[in-house]
Amino acid sequence: MRSRRSPVRDGDRQIDTAHLLHSLLEHDPRVRAAVGAPAQLARLLGYLVQRSIGYGLRWQGGVEGSGGGSGVLTAVPAPAAPGMANVPAARHREVRDGRDGGGCSPVAAAALAEARERALRRGESEATGLDLFAALVADPQSRAVEVLRRVGIPAGDLPARIEAAAEEYTGDDRATC
């Protein structure tokens with residue numbers, strides 16, 4: 001999955017949850033199915049493409065989860081961010097503060113960690129795109145959730161769709177992260 005292309009072109013310093021959402025939609029048919037009707041998917045992809053060519057400028061210069069800049073920015077709670085419950089406190093601060101996470105915003109890094117946790121709870125060693133999608137929509141203050149909200153897709157409706165898509169698509173055709 002290529003999510004590093006958008007931040008550089010968008011002028012963002014880090015991969016945020018909207019970049020991850022965009023990559024998931026491009027590469028995982030199960031995530032596209034979970035979004036809903038084709039018209040919703042088309043609207044969502046259109047919005048993400050506009051953002052990638054410059055209409056997301058209000059987010060430029062800010063780091064998702066840092067508390068600085070403009071746009072929807074959220075702090076990852078120190079005590080128990082999603083997917084971070086078993087991570088040592090010092091490591092948690094690195095992710096929360098954006099010092100670690102492979103070029104990801106703190107919120108995106110926490111979502112990636114949560115996706116891995118979901119896979120481990122299922123007994124799998126690799127997270128799927130649906131694992132990451134579920135983690136992205138779990139944070140109501142993430143940029144991914146704001147993008148979904150702006151195109152009329154309530155994030156609260158998605159967990160049931162994600163589970164249905166996971167049950168519908170089984171076998172080796174799944175995309176992994």
Side-chain angles (χ1 to χ4, degrees), residues 1-8 12-36 41 44-45 48 52 63-66 74-145 147-148 153 155-177:
M1 183 175 335
R2 289 179 13 141
S3 60
R4 288 182 100 32
R5 62 168 177 72
S6 295
V8 172
D12 294 334
R13 294 182 309 190
Q14 294 180 321
I15 297 167
D16 66 22
T17 57
H19 294 117
L20 294 174
L21 175 62
H22 195 168
S23 291
L24 284 173
L25 291 168
E26 287 180 340
H27 298 283
D28 194 329
R30 296 182 318 151
V31 172
R32 289 191 297 271
V35 166
L41 179 61
L44 177 56
L45 285 169
L48 288 166
S52 74
V63 175
E64 180 183 39
S66 71
T74 182
V76 177
M84 300 296 288
N86 298 322
V87 176
R91 174 89 168 100
H92 179 83
R93 281 190 300 278
E94 288 175 0
V95 172
R96 184 190 70 223
D97 297 340
R99 293 191 307 261
D100 187 34
C104 293
S105 73
V107 178
L112 290 165
E114 174 60 21
R116 286 188 297 271
E117 290 294 320
R118 281 178 54 94
L120 291 173
R121 286 191 299 268
R122 222 182 27 257
E124 308 243 347
S125 61
E126 292 183 347
T128 66
L130 286 175
D131 290 323
L132 181 54
F133 189 42
L136 292 175
V137 302
D139 183 349
Q141 298 300 312
S142 72
R143 290 181 181 170
V145 169
V147 167
L148 291 164
I153 300 172
D157 294 351
L158 292 172
R161 292 184 198 169
I162 291 167
E163 294 309 316
E167 291 174 10
E168 181 179 336
Y169 288 88
T170 57
D172 292 336
D173 62 336
R174 55 190 195 152
T176 57
C177 301

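The chain is numbered in sequence order, starting from 1.
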Applying side-chain contact (heavy atoms from CB on, under 4.5 Å), can you list everything that pairs with Ala34, at least two apart in sequence or on another chain?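 Scan of Ala34 (side-chain contact (heavy atoms from CB on, under 4.5 Å), adjacent residues dropped) gives Leu130, Phe133, Arg161, Ile162, Ala165.
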Which is it for Asp139 and Thr17 under the side chain to side chain contact (heavy atoms under 4.5 Å, CB included) test, yes or no, and what are the steps along the way? CA-CA 10 Å; Asp139 183 349; Thr17 57; over 6 Å; no
Distance in Å, Leu20 CG paired with Leu132 CG, rounded so as to fall on 0.5 Å steps: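 Between atom CG of Leu20 and atom CG of Leu132 there are 5.5 Å.
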Nearest 0.5 angstrom please: Thr128 OG1 to Arg118 CZ, how far?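 So the OG1 of Thr128 and the CZ of Arg118 are separated by 7.0 Å.
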For residues [X] and [Y], report the shortest heavy-atom separation together with the two atoms involved.
X: Asp16; Y: Ala108; value: C-CB, 4.0 Å
X: Cys104; Y: Ala109; value: CB-N, 3.9 Å
X: Ala144; Y: Leu136; value: CB-CB, 4.3 Å
X: Ala115; Y: Ala135; value: N-CB, 4.1 Å

For Val35, the option from Leu45, Leu44, Leu21 that meets side chain to side chain contact (heavy atoms under 4.5 Å, CB included):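 The option that passes is Leu44.
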Can you list the residues that meet the salt bridge (Lys or Arg N to Asp or Glu O under 4.0 Å) rule with Arg32, with sequence neighbours excluded?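 Expected list: none.
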Consider salt bridge (Lys or Arg N to Asp or Glu O under 4.0 Å). Of Arg121, Arg116, Arg122, Arg30, which one does Asp131 pass it with?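 Only match with Asp131 under salt bridge (Lys or Arg N to Asp or Glu O under 4.0 Å): Arg122.
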Backbone N/O of Gln14 and side chain of Ser105: donor-acceptor pair under 3.5 Å: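 Not a single qualifying donor-acceptor pair exists.
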